[in-house]
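Note sheet for the following structure.
We use all heavy atoms of the structure for the numbers below, so side chains are in, but hydrogens, waters and symmetry mates are not. The first residue of the sequence shown is numbered 1, and numbering continues consecutively from there.
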Amino acid sequence: MQLKAVISICKILDLFDAKWPVILKNFCLYIILFVVFISCQRTETPIVSFYYWKTNFDLSPLELETIKENKVEKIYIRYFDLDLHPKTKEVYPVSPIHFTKLPNIKTIVPVVYIQNKVMLDENFNSQNLADKTNEFINLMNTKNGLSCQEIQIDCDWTLSSKTNYLKFIEDFKRISAKKLSATIRLHQVKYFEKTKIPNVDSGVLMYYNMGTIAVKSLNSIYDQGIAKRYIKSLKKYPLPLSYALPIYSWGIHISQGKVIGLRSKLLASDLDSSANFTFIKKNIYKVNQSHYRKGVFYKKEDVIKIEAISADDLKEMASDLKENGASTPKEIIFYDLDELNLINYEKTIFKQVVTCF
């Protein structure tokens, strides 16, 4: 691009009278080249987008304010999951979203989360699954007076399921006749020659859920040490990528030294304000007395390990991705749009993060 610009400039200067002083012509050339160089170095700041992962679409005042403040024009809405029925072993949609209110947003992207075991099923039928998935999305759009130009498939496929997954992507793209994006995990970036690349228009790197949910693990949502084992491969990855960053938290429920559950949307502040829990050390709390909280039984002496993402974590992620990415992403998608997540950050955090790229 810069070479073409220089050639064009030289042609323009040749049109001027040859009697022009050489020094003046050179001076003009240097000025124009400097302007061209600066403009070529300038990159667009990624836009702010969000995932919406609740089963009922009804934005709270804080969620609406966040959309407005960040000029959000695109939301990725989880429409339903696909799983195998425990009895019939047939694929069926799980917890389709209900639109209490319609999204007042420029662009919505339906997201379908597919359990990997669906791809591993011995009775897997790619075209049939693609037909039914597309039909159900269309049914939901028609029922709610919605439309979309893009659909996203979310599936953590493996070497064992890649053949079926890649075939499904091909069939779904043909049947839906829409722009198609897919979620990509870190291991699929590093080992893309083995895991292969789905035939989609773009991908979204899910930059979270990196570690193992365990008693003694570090933060399983985000671990810079783990991430750095993979992100050096980003420059080689052939598919255009946007990045999805986490803004959620959870509590790992431990009883008698074993993990017995994951408590979503649980914060340290929730436990600090409760007499039923005692702070032990950073992110670790002990249950003082047996009790129920939001339908979950907490036994005396159980332990809760809080895992969350700080503003500094988000900026660190952005810095590492900028350093290792092949190009500036078009958008940063935050997971997920929920006031229980938003209250943990200052209002400008999303703008701060995207300007790091």
Side-chain angles (χ1 to χ4, degrees), residues 51-57 76-98 108-143 148 150-192 194-210 212-213 220 239 241 244 248 261-262 264 333 335-336:
Y51 279 105
Y52 189 90
W53 221 252
K54 291 183 279 189
T55 55
N56 185 53
F57 193 92
Y76 294 77
I77 302 175
R78 174 207 159 276
Y79 265 37
F80 53 90
D81 298 350
L82 289 178
D83 200 355
L84 293 177
H85 194 279
K87 293 183 179 180
T88 66
K89 301 303 178 184
E90 294 288 327
V91 181
Y92 76 110
V94 179
S95 304
I97 191 168
H98 173 68
I108 66 166
V109 179
V111 181
V112 179
Y113 174 72
I114 306 178
Q115 293 272 2
N116 190 47
K117 61 185 175 182
V118 171
M119 298 295 165
L120 292 170
D121 182 37
E122 60 182 11
N123 297 316
F124 177 80
N125 184 318
S126 176
Q127 180 154 329
N128 183 53
L129 181 61
D131 273 327
K132 289 184 176 179
T133 303
N134 186 61
E135 182 180 329
F136 198 54
I137 292 172
N138 289 338
L139 179 65
M140 292 179 67
N141 281 341
T142 300
K143 178 182 177 182
C148 64
E150 177 186 351
I151 297 171
Q152 185 172 107
I153 301 298
D154 181 13
C155 179
D156 187 7
W157 81 95
T158 60
L159 291 176
S160 300
S161 62
K162 73 175 181 182
T163 300
N164 286 347
Y165 171 75
L166 296 175
K167 180 66 169 62
F168 169 78
I169 290 293
E170 294 283 354
D171 287 337
F172 187 78
K173 186 174 184 179
R174 172 177 47 81
I175 291 168
S176 68
K178 285 181 168 50
K179 180 181 177 183
L180 190 60
S181 59
T183 56
I184 308 293
R185 270 68 178 180
L186 282 169
H187 70 92
Q188 293 158 350
V189 168
K190 184 172 182 177
Y191 304 110
F192 73 88
K194 291 183 178 180
T195 59
K196 302 302 178 184
I197 299 170
N199 182 21
V200 293
D201 298 286
S202 62
V204 178
L205 177 65
M206 317 304 277
Y207 207 62
Y208 48 84
N209 290 358
M210 299 178 182
T212 302
I213 296 171
S220 64
L239 188 67
L241 291 175
Y248 62 92
L262 202 59
S264 64
I333 313 169
Y335 181 91
D336 60 316

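When each of V200, I137, V109 is checked for a side-chain contact (heavy atoms from CB on, under 4.5 Å) with I151, only I137 meets the rule. Screening V112, V111, V94 for a side-chain contact (heavy atoms from CB on, under 4.5 Å) involving F80 leaves a single residue, V112.
Side chain of W157 to backbone of T195: a donor-acceptor contact under 3.5 angstrom is found. Checking side-chain atoms of D201 against main-chain N and O of S181 turns up no donor-acceptor pair under 3.5 Å. When atom types are taken as modelled, the side chain of T133 and the backbone of A130 share no donor-acceptor pair closer than 3.5 angstrom.
How far CG of D83 is from OH of Y113: 8.5 Å, rounded to the nearest 0.5 Å. Between atom CD1 of residue I184 and atom CG of residue L239 there is a gap of 6.0 Å, rounded to the nearest 0.5 Å. For the atom pair I333 CD1 and M206 CE, the distance stands at 7.5 Å (nearest 0.5 Å). Once rounded to the nearest 0.5 Å, the distance linking CD1 of I77 with CD1 of I108 reads 4.5 Å.
Between F57 and Y52, the two ring planes are tilted [angle within 30° to 60°].
The 12-atom threshold is not exceeded at NZ of K132, counting heavy atoms of other residues, nucleotides or ligands nearer than 6.0 Å.
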Starting from the C-alpha separation in whole Å, work towards a yes-or-no answer on side chain to side chain contact (heavy atoms under 4.5 Å, CB included) for M119 and F124. CA-CA 7 Å; M119 298 295 165; F124 177 80; 3.6 Å; yes
Using side chain to side chain contact (heavy atoms under 4.5 Å, CB included), reason through T183 and Q152 one step at a time and then give a plain yes or no. CA-CA 7 Å; T183 56; Q152 185 172 107; 3.4 Å; yes
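Among all heavy-atom pairs drawn from I97 and R78, the shortest one is CB-O, 3.6 Å. Of all non-hydrogen atoms in P198 and L166, the two that sit nearest each other are CA-CD2, 3.6 Å. Residue I213 comes nearest to S220 through the heavy atom pair CG1-OG, 3.7 Å, listed as atom of the first residue, atom of the second, then distance. Residues L159 and K194 approach most closely at CD2-O, 3.5 Å, considering heavy atoms. Looking at every heavy atom in both residues, V118 comes nearest to I114 through CB-CG2, 3.9 Å. What you find for C148 and K178 is that their closest heavy atoms are O-CE, 2.9 Å.
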Kindly list each side-chain donor-acceptor pair under 3.5 angstrom involving residues 167-175, sequence neighbours excluded, with atom names and distances?
{"residue": "K167", "atom": "NZ", "partner": "D171", "partner atom": "OD1", "Å": "3.1"}
{"residue": "K167", "atom": "NZ", "partner": "D171", "partner atom": "OD2", "Å": "2.7"}
{"residue": "E170", "atom": "OE1", "partner": "N199", "partner atom": "ND2", "Å": "3.2"}
{"residue": "E170", "atom": "OE2", "partner": "N199", "partner atom": "ND2", "Å": "3.4"}
{"residue": "D171", "atom": "OD1", "partner": "R174", "partner atom": "NH2", "Å": "2.9"}
{"residue": "D171", "atom": "OD2", "partner": "S126", "partner atom": "OG", "Å": "2.6"}
{"residue": "D171", "atom": "OD2", "partner": "Q127", "partner atom": "N", "Å": "3.4"}

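Side-chain contact, Q188 with D156: a donor N or O sits under 3.5 Å from an acceptor N or O.
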